[in-house]
Visitor: 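Pasting a structure here, questions to come.
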Amino acid sequence: MLTHTSGDPAWKKAFVERVNRELEHTHDRFPPMSLATVDIEGRPAVRTVSPRGFVGDGFLRINKDDRHGQWASDVLTFCTHAKSNKVRELTAGTGDVQLVCWLQNTGVQIRCGGHAHLLFHPDNPQYSTLSLDIRHRVWPRDAASSSSSLESSASGAEIDAEFIREEAYLHHAPVIQAWYSWPPPGAVRVADPSLYPATIPNIADPDEKARFEANARRNYVLVFVDVNCVDVVDLVAQTRTIYTRRSDTSWSVTDANP
């Protein structure tokens with residue numbers, strides 16, 4: 001189940017509440033979402049991604065010293081292969097994206113619009129430091145019982161984006177980690193099983209194992225989505241609520257027709 005904090009904006013509280021209701025039926029960690037972008041020829045492109053969660057939640061702690069998960073945020077994350085079409089589209093365009101999930105058992109659709117910021121591995125030629133300043137998107141998880149170290153402004157929180165990306169990678173199943181070592185997504189598959197290991201730890205040759213592990217990490221990209229608009233439609237209750245972030249980072253809430 002997902003958790004929300006007293007400092008979360010209204011949209012994240014609504015998101016977590018609706019998703020948790022759905023997870024009572026599915027027992028997943030996080031619902032899959034469809035990611036919409038525009039391809040390099042200007043055509044719409046959509047595919048399903050598995051979000052890793054919000055920065056600060058679970059294994060996505062903001063740094064290695066944040067052992068108890070003292071910080072929360074509304075920055076949503078998902079991962080992808082460095083040589084995927086998604087990366088080409090996001091780096092060539094504006095970086096604007098929309099994510100949508102349909103919660104079938106509860107009849108709820110949630111759309112999240114925002115700007116995607118990509119973090120590559122330092123060994124990847126496309127690497128640069130994270131362009132999103134997450135310090136302004138985090139807050140103490142339990143504001144009511146914050147320790148003195150958390151009573152300072154959230155802008156003083158130390159964000160280790162490299163640590164967050166590495167934790168996201170390590171918490172994948174071995175078969176998913178191995179997939180990142182494979183040839184690029186969409187490339188013609190060749191008849192050489194050695195290029196497609198099922199898991200990296202089972203590779204017998206130490207040098208080959210090290211090579212595949214390095215390739216997997218080099219190809220792993222964590223995408224941080226700075227959400228600025230959320231649209232929640234409940235087809236059972238026949239309600240629709242639109243959350244829009246203002247320039248001062250506060251949020252407006254509008255009830256609309258479904």
Side-chain angles (χ1 to χ4, degrees), residues 1-38 43-60 69 71-80 86 90 95-116 137-139 141-144 168 171-173 176 222-258:
M1 291 291 184
L2 307 183
T3 60
H4 64 70
T5 74
S6 59
D8 286 347
W11 81 262
K12 185 184 174 186
K13 292 177 181 177
F15 182 98
V16 169
E17 178 187 349
R18 302 305 181 112
V19 167
N20 281 344
R21 262 192 256 160
E22 182 74 10
L23 297 184
E24 292 176 1
H25 300 273
T26 65
H27 305 293
D28 293 331
R29 179 184 170 273
F30 209 104
M33 304 184 78
S34 297
L35 170 70
T37 59
V38 177
R43 300 175 301 190
V46 65
R47 76 287 284 163
T48 301
V49 297
S50 296
R52 304 304 287 150
F54 292 97
V55 170
D57 289 356
F59 53 79
L60 294 179
W71 298 94
S73 84
D74 61 355
V75 177
L76 192 57
T77 64
F78 67 89
C79 54
T80 188
K86 292 190 287 296
L90 292 173
D96 292 327
V97 297
Q98 190 165 90
L99 291 153
V100 60
C101 64
W102 166 243
L103 306 178
Q104 180 176 350
N105 292 287
T106 52
V108 174
Q109 174 186 271
I110 305 176
R111 288 190 293 167
C112 299
H115 193 82
R137 309 294 320 140
V138 302
W139 45 85
R141 180 167 297 281
D142 187 359
H171 280 80
H172 282 292
I176 300 299
L222 189 62
V223 183
F224 297 74
V225 181
D226 189 19
V227 177
N228 54 38
C229 185
V230 180
D231 189 336
V232 180
V233 179
D234 188 327
L235 295 182
V236 176
Q238 290 293 296
T239 61
R240 181 179 184 182
T241 307
I242 300 172
Y243 305 85
T244 306
R245 195 170 78 199
R246 302 186 182 98
S247 58
D248 64 357
T249 73
S250 65
W251 289 80
S252 67
V253 181
T254 304
D255 292 327
N257 292 325

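The structure presented is a predicted model; accordingly, all values stated were derived computationally and were not measured.
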Visitor: Report the distance from atom OG of Ser50 to atom NE2 of His172, rounding to the nearest 0.5 Å.
Guide: 8.5 Å
Visitor: If I compare all heavy atoms of Ala168 with all of Arg52, which pair ends up nearest, and what's the gap?
Guide: O-NH2, 3.2 Å
Visitor: Looking at Phe30 and Gly53, what are the two nearest heavy atoms and their distance?
Guide: CE1-CA, 3.7 Å
Visitor: Walk me through it: do Val138 and Phe54 pass the test side chain to side chain contact (heavy atoms under 4.5 Å, CB included)?
Guide: CA-CA 10 Å; Val138 302; Phe54 292 97; over 6 Å; no
Visitor: Look up atom SG in Cys112 and atom CG in Asp74, then write down how far apart they are to the nearest 0.5 Å.
Guide: 10.0 Å
Visitor: Quick one: does Met33's side chain get under 4.5 Å of Phe78's, heavy atoms only?
Guide: no
Visitor: Taking atom CD1 of Ile242 and atom OG1 of Thr254, what is their separation to the nearest 0.5 Å?
Guide: 6.5 Å
Visitor: Search all heavy atoms of Pro32 against all heavy atoms of Cys101 and return the closest pair with its distance.
Guide: O-CB, 3.6 Å
Visitor: Evaluate side chain to side chain contact (heavy atoms under 4.5 Å, CB included) for Ser34 paired with Trp102, printing each intermediate quantity in order.
Guide: CA-CA 9 Å; Ser34 297; Trp102 166 243; over 6 Å; no
Visitor: For a quick test of reading the model, state the closest non-hydrogen atom pair linking Ala116 to Val97 and the distance between them.
Guide: CB-CG1, 4.0 Å
Visitor: Tell me if a side-chain donor or acceptor on Gln238 pairs with a main-chain N or O of Pro258 at a distance below 3.5 Å.
Guide: no
Visitor: Kindly compute the distance separating CG (Asp234) from CZ (Arg18), expressed to the nearest 0.5 Å.
Guide: 4.5 Å
Visitor: Do the charged groups of Glu17 and Arg21 touch, with an N to O distance under 4.0 Å?
Guide: yes
Visitor: Within the 3.5 Å criterion, strictly below it, is a donor on Thr37 or Arg47 matched to an acceptor on the partner's side chain?
Guide: yes
Visitor: I'd like to check Val55 versus Thr77 (side-chain heavy atoms, cut-off strictly below 4.5 Å). Are they in contact?
Guide: yes
Visitor: Please check if the distance between the ring centroids of Phe15 and Tyr243 is under 6.0 Å.
Guide: no
Visitor: Does the pair Thr80 and Val223 meet the rule for a side chain to side chain contact (heavy atoms under 4.5 Å, CB included), with working shown?
Guide: CA-CA 8 Å; Thr80 188; Val223 183; 4.1 Å; yes
Visitor: So Thr106 and Val236, side chain to side chain contact (heavy atoms under 4.5 Å, CB included) or not? Walk me through it.
Guide: CA-CA 7 Å; Thr106 52; Val236 176; over 6 Å; no
Visitor: Rounded to the nearest 0.5 Å, what separation is found between the CG atom of Asn105 and the CG atom of Leu103?
Guide: 8.5 Å
Visitor: Give me the atom names and distance for the closest heavy-atom approach of Arg137 to Ser73.
Guide: O-CB, 3.0 Å
Visitor: Looking at Thr5, Asp8, Asp57, which hits side chain to side chain donor-acceptor pair (under 3.5 Å) with Arg141?
Guide: Asp57
Visitor: Using 0.5 Å steps for rounding, measure from the CG atom of Asp255 to the CZ atom of Arg240.
Guide: 11.5 Å
Visitor: With side-chain contact (heavy atoms from CB on, under 4.5 Å) as the test, pick out the partner of Leu35 among Leu99, Val100, Val46.
Guide: Leu99
Visitor: Report the residues that fulfil side chain to side chain contact (heavy atoms under 4.5 Å, CB included) with Val38, sequence neighbours left out, ordered by chain and then residue number.
Guide: none
Visitor: So, the side chain of Arg111 versus the backbone of Val230: is there a donor-acceptor pair under 3.5 Å, distance only?
Guide: no
Visitor: Mark yes or no for whether Arg245, through its side chain, and Val227, through its backbone, hold a donor-acceptor pair below 3.5 Å.
Guide: yes
Visitor: Work out which heavy atom in Val49 is nearest to a heavy atom in Pro51; give both atom names and the distance.
Guide: O-CD, 3.4 Å
